[in-house]
Visitor: 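Input: one structure, supplied below.
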Amino acid sequence: MPDDWDKDVYPQPPRRTPVVNKQTILPNPLDYAMKIFYYAVDKPITVLREWMDHLHTRQTFYYYHRQYRRVPDMTECQQGDYLCYYEADMQWKRDCMVDEEIVKVMQERLSACQQWEGKSYRQNCAKQLQQFTEVANAFQSRYGDLGAYGNARKCLMKQKHKMIEERRKQATEA
């Protein structure tokens with residue numbers, strides 16, 4: 001404390017902690033209750049928990065991501081099999097999300113290369129640029145023009161129309 005403190009307002013703290021003066025010689029029942037609780041409840045639970053943790057550390061299971069089994073495509077479903085239609089649609093949506101992530105990764109690689117190389121990125125990042133254009137074109141050809149509510153059936157019809165158009169072009173050229 002500073003030398004110029006007011007002793008009436010802030011009295012000086014005691015130099016030693018005073019000894020607790022017990023009024024009785026009887027033991028505190030709360031101490032016994034706490035010991036009983038510790039040995040009856042807390043100790044067994046702690047031992048069980050440590051044993052379970054020991055078992056879990058011996059058998060480590062690395063779980064990275066959920067893996068779905070591949071289901072039949074929409075073309076392999078029987079007519080009127082609505083469960084197969086649903087599974088094929090969910091598979092298509094998962095494939096779409098994976099393809100979107102692939103496009104994002106390629107775009108990030110290209111932008112990182114452009115940032116790194118600066119103005120000379122066209123010649124130094126040609127490989128990344130080619131990969132990105134291939135992936136983006138493949139994504140656009142499969143999922144483009146389907147809209148926000150695209151599904152496996154619409155994608156299949158788009159592919160069918162594209163094949164019919166290619167056959168017509170081949171027939172007119174020949």
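Quick note: numbers below take in every heavy atom, side chains included, and nothing from hydrogens, waters or symmetry partners.
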Visitor: Do L83 and V71 belong together in a cluster built from hydrophobic side chains that touch within less than 4.5 Å?
Guide: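 No, L83 and V71 fall in different hydrophobic clusters.
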Visitor: Run the salt bridge (Lys or Arg N to Asp or Glu O under 4.0 Å) test against E101 and tell me which residues pass, sequence neighbours left out.
Guide: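 Partners of E101 under the salt bridge (Lys or Arg N to Asp or Glu O under 4.0 Å) test: K104.
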Visitor: What residues, two or more places apart in sequence or in another chain, satisfy side chain to side chain contact (heavy atoms under 4.5 Å, CB included) together with K162?
Guide: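 Result, side chain to side chain contact (heavy atoms under 4.5 Å, CB included) vs K162: S141, E166.
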Visitor: With sequence neighbours excluded, what pairs up with M34 under the side chain to side chain contact (heavy atoms under 4.5 Å, CB included) test?
Guide: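 By the side chain to side chain contact (heavy atoms under 4.5 Å, CB included) rule, M34 matches L30.
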Visitor: Could you list all the ring-ring contact (aromatic ring centres under 6.0 Å, His included) pairs where at least one residue sits in residues 147-171, not counting sequence neighbours?
Guide: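 As it turns out, there is no ring-ring contact (aromatic ring centres under 6.0 Å, His included) pair with a partner in residues 147-171 once direct neighbours are skipped.
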Visitor: Name all residues meeting the side chain to side chain contact (heavy atoms under 4.5 Å, CB included) criterion together with C155; count only those two or more places apart in sequence or in a different chain, and write none if there are none.
Guide: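 Partners of C155 under the side chain to side chain contact (heavy atoms under 4.5 Å, CB included) test: W92, R142, L146, Q159.
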Visitor: Examine distances only and state if a side-chain atom of D89 and a backbone atom of A152 form a donor-acceptor pair shorter than 3.5 Å.
Guide: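 Pair found, side chain donor or acceptor close to backbone of A152.
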Visitor: For C77, what residues pass the disulfide (SG to SG under 2.5 Å) criterion, not counting sequence neighbours?
Guide: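 C77 satisfies disulfide (SG to SG under 2.5 Å) with C84 once adjacent residues are dropped.
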Visitor: Residues in salt bridge (Lys or Arg N to Asp or Glu O under 4.0 Å) with R69, at least two apart?
Guide: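 Only E87 meet the salt bridge (Lys or Arg N to Asp or Glu O under 4.0 Å) criterion with R69.
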Visitor: What are the two closest heavy atoms between T75 and L156, and how far apart are they?
Guide: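 Closest pair (atom of T75, atom of L156, distance): CG2-CD1, 3.5 Å.
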Visitor: Just jot down the salt bridge (Lys or Arg N to Asp or Glu O under 4.0 Å) partners of E76, sequence neighbours excluded, or say none.
Guide: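 Listed in chain order: nothing, the list is empty.
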Visitor: Do M90 and M74 land in one hydrophobic cluster if side-chain heavy atoms of ILVMFWY residues count as linked below 4.5 Å?
Guide: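 No.
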Visitor: Should the pair K35-D31 be classified as a salt bridge under the 4.0 Å nitrogen-to-oxygen rule?
Guide: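 Answer for the salt bridge query: no.
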Visitor: Enumerate the residue pairs fulfilling side-chain hydrogen bond (donor to acceptor under 3.5 Å, both in side chains) with a member in residues 122-134, sequence neighbours excluded, ordered by first and then second residue.
Guide: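 Counting only pairs at least two positions apart or across chains, the side-chain hydrogen bond (donor to acceptor under 3.5 Å, both in side chains) contacts touching residues 122-134 are E117-N124, S120-N124, Q130-E134.
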Visitor: Determine which pairs satisfy ring-ring contact (aromatic ring centres under 6.0 Å, His included) with at least one residue from residues 95-140, sequence neighbours left out, and list them in order.
Guide: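 For residues 95-140, and leaving out neighbouring residues, the ring-ring contact (aromatic ring centres under 6.0 Å, His included) pairs sorted by first residue read F139-Y143.
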Visitor: I'd like to check Q91 versus R94 (side-chain heavy atoms, cut-off strictly below 4.5 Å). Are they in contact?
Guide: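 In short, these two side chains touch, coming nearer than 4.5 Å.
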Visitor: Quick check: closest heavy atoms across P44 and A40, and the distance to 0.1 Å?
Guide: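 Scanning both residues, the minimum pair turns out to be CG-O, 3.5 Å.
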Visitor: Using the test side chain to side chain contact (heavy atoms under 4.5 Å, CB included), find all partners of Y38 that sit at least two apart in sequence or belong to another chain.
Guide: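 If we apply the side chain to side chain contact (heavy atoms under 4.5 Å, CB included) test to Y38, skipping adjacent residues, the hits are D42, K43.
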Visitor: Between I45 and W51, is there a shared hydrophobic cluster once you connect ILVMFWY residues whose side-chain heavy atoms come closer than 4.5 Å?
Guide: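 Per the 4.5 Å side-chain linkage, I45 and W51 are not co-clustered.
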Visitor: Can you name the ring-ring contact (aromatic ring centres under 6.0 Å, His included) partners of Y82, sequence neighbours left out?
Guide: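 Y82: ring-ring contact (aromatic ring centres under 6.0 Å, His included) contacts with Y85.
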